[in-house]
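Counting from 1, the numbers follow the sequence of the chain as shown.
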Amino acid sequence: MTGSTPATFSRWTPRLGLFGGALLVSAVLLHRLFGMSTPIALNLLKVAAAAACLTVLMGVLALTDIWRRGRSGLAATLVGLAIALVTLGWPLAFLPAFINLPPLNDVSTDLEAPPRFVALAKARTSEGNGPDFPKERFARLQMSAYPDLKPLLVNRSSEEAFQIALDAVKRLKFQLVAEQPPELKPMPRPGWIEAVDRTLVFGFYDDVVVRVDGDQRRARIDVRSASRYGQHDLGSNADRTRRILKEILTRLEETVPAANARMERLVRGRAAVAKRLKEAGQRTGSRGTSQDRGQSDARRGPAPTGKQP
């Protein structure tokens with residue numbers, strides 16, 4: 001009977017689908033938890049995506065054979081197609097961002113003189129993206145796509161702004177790599193903070209540098225975020241830069257009420273001291289008036305009695 005004969009690709013569809021899905025999960029776990037090299041993990045992800053695409057093609061051919069000739073193998077074919085679609089779900093989810101956003105992997109709030117990587121320069125090898133900011137290629141694209149990424153100017157000293165930025169980086173759970181506080185004497189020198197952030201699912205490495213420059217009155221904070229591997233960050237570096245600036249602003253706003261509270265306590269203390277001095281002056285004045293009045297009465301003496309001779 002023809003119905004008992006399985007379709008041509010019905011057996012291979014679930015097998016290839018399971019292979020692609022297992023390869024995807026293995027690449028994510030090995031890279032995220034066990035320190036697999038990022039280039040190797042990217043190659044495994046490409047192979048998994050190719051296997052999923054081939055699974056879909058084989059599944060369509062198997063369904064066509066089953067429909068036309070009435071062969072068996074429908075359940076196995078559907079299982080293989082489901083696994084392949086789940087495997088292809090992760091690249092398809094990023095497809096709108098890949099189409100609508102420019103191909104950037106490095107953004108900075110200062111496009112003229114971007115902050116430089118010092119400690120992380122060694123980690124950005126020739127296999128991935130270099131440590132230098134590609135100003136000629138990325139400046140125009142960033143200004144068009146992310147015009148809101150600008151330096152943060154604050155009315156604080158550079159030392160205080162540096163501590164606030166460092167606290168913000170720690171609160172964001174970034175891996176702190178190096179830090180250098182700003183210096184004003186003998187030669188002014190900006191401070192910088194270098195850290196590493198990893199994507200949520202795949203654990204790709206993205207490098208961050210925060211530069212703080214200024215004087216005793218004002219400070220300027222610049223942020224740069226760059227992907228260590230890949231040509232398209234899908235907008236992740238711009239989002240990370242906004243998160244850092246937002247966290248710094250939050251920390252700045254939290255420190256303002258404390259300063260106001262200290263000023264208010266100082267004003268209240270001065271007012272209380274002035275009030276006590278005033279009350280003490282009033283008591284001293286009242287005692288002096290009563291004493292003067294008694295001395296005046298004593299000088300007048302008792303009134304004479306009887307008639308004069």
Worked verdict on S157 versus R218 for side chain to side chain donor-acceptor pair (under 3.5 Å)
CA-CA 5 Å; S157 65; R218 301 191 65 187; over 6 Å; no

Could you walk me through whether T109 and R224 pass the side chain to side chain contact (heavy atoms under 4.5 Å, CB included) check?
CA-CA 7 Å; T109 58; R224 177 185 173 190; over 6 Å; no

N129 and Q231: CA distance, side-chain angles, deciding distance, side chain to side chain contact (heavy atoms under 4.5 Å, CB included) verdict
CA-CA 8 Å; N129 301 320; Q231 300 301 319; 3.8 Å; yes

For the pair R137 and R140, evaluate side chain to side chain contact (heavy atoms under 4.5 Å, CB included) and give the outcome as yes or no after the intermediate values.
CA-CA 7 Å; R137 295 187 294 117; R140 181 178 56 84; over 6 Å; no

Go through it in stages, so that I can follow the logic: the residues are R124 and F117, the test is side chain to side chain contact (heavy atoms under 4.5 Å, CB included), and I'd like the CA-CA distance, side-chain angles, deciding distance and then a yes or no.
CA-CA 9 Å; R124 304 180 66 84; F117 291 109; 4.0 Å; yes

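Smallest separation of non-hydrogen atoms from G214 and L184: O-CD2, 3.5 Å. Looking at every heavy atom in both residues, I248 comes nearest to A168 through CG1-CB, 3.7 Å. Residues A219 and S158 come closest through the heavy atom pair CB-CA, 3.9 Å. Counting all heavy atoms, side chain and backbone alike, D106 lies closest to P134 at OD2-CD, 4.1 Å. R11 approaches P6 most closely through the heavy-atom pair NH2-CG, 3.6 Å.
Other residues sharing the hydrophobic cluster of L104, ordered by chain and number and joined by side-chain separations under 4.5 Å: L101, V107, L111, F133, F138, L141, M143, Y146, L149.
Atom CZ of F162 is separated from atom CD1 of I193 by 4.5 Å, given to the nearest 0.5 angstrom. Between N105 atom CG and S236 atom OG the span is 9.5 Å, to the nearest 0.5 Å.
Qualifying side chain to side chain donor-acceptor pair (under 3.5 Å) partners for D206, counting only residues two or more places apart in sequence or in other chains: S227, R240. Residues passing the side chain to side chain donor-acceptor pair (under 3.5 Å) test with N100: none are found, sequence neighbours excluded. In this structure, the salt bridge (Lys or Arg N to Asp or Glu O under 4.0 Å) partners of E112, at least two apart in sequence or on a different chain, are K135. Annotation: salt bridge (Lys or Arg N to Asp or Glu O under 4.0 Å) contacts of R15 (sequence neighbours excluded): none. Taking Q175 as the reference, V196 meet the side chain to side chain contact (heavy atoms under 4.5 Å, CB included) condition, with sequence neighbours excluded. Judged as a salt bridge (Lys or Arg N to Asp or Glu O under 4.0 Å), and not counting sequence neighbours, E179 has no contacts. Every side chain to side chain donor-acceptor pair (under 3.5 Å) that D233 has, sequence neighbours left out, goes to N237. Checked against salt bridge (Lys or Arg N to Asp or Glu O under 4.0 Å), R171 has the following partners two or more places apart in sequence or in another chain: D167.
One finds a salt bridge joining D110 and R211 here, because a Lys/Arg side-chain nitrogen approaches an Asp/Glu carboxylate oxygen to under 4.0 Å. Between R220 and D222, at least one side-chain N (NZ, or NE/NH1/NH2) sits under 4.0 Å from a carboxylate O, which counts as a salt bridge.
The closest donor-acceptor contact from the side chain of R71 to the backbone of A7 lies at 3.5 Å or more, if one exists at all.
If you check the side chains of T255 and R156, you find a donor sitting under 3.5 Å from an acceptor.
More than 12 non-hydrogen atoms from other residues, nucleotides or ligands lie less than 6.0 angstrom from CZ of R242.
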Ignoring hydrogens and angles, write down the donor-acceptor pairs under 3.5 Å from the side chains of residues 49-59, residues two or more places apart or on other chains.
from	atom 1	to	atom 2	distance (Å)
T55	OG1	G17	N	3.3
T55	OG1	A51	O	2.7

Which side-chain N or O atoms in residues 18-38 pair as donor and acceptor under 3.5 Å with protein atoms at least two apart or in another chain?
from	atom 1	to	atom 2	distance (Å)
S26	OG	A22	O	2.7
H31	ND1	F202	O	2.9
H31	NE2	T38	OG1	2.9
R32	NH1	T199	O	2.5

Exercise answer: donor-acceptor pairs, residues 87-98 side-chain atoms, under 3.5 Å, sequence neighbours excluded:
from	atom 1	to	atom 2	distance (Å)
T87	OG1	I83	O	2.8
W90	NE1	T87	O	2.8

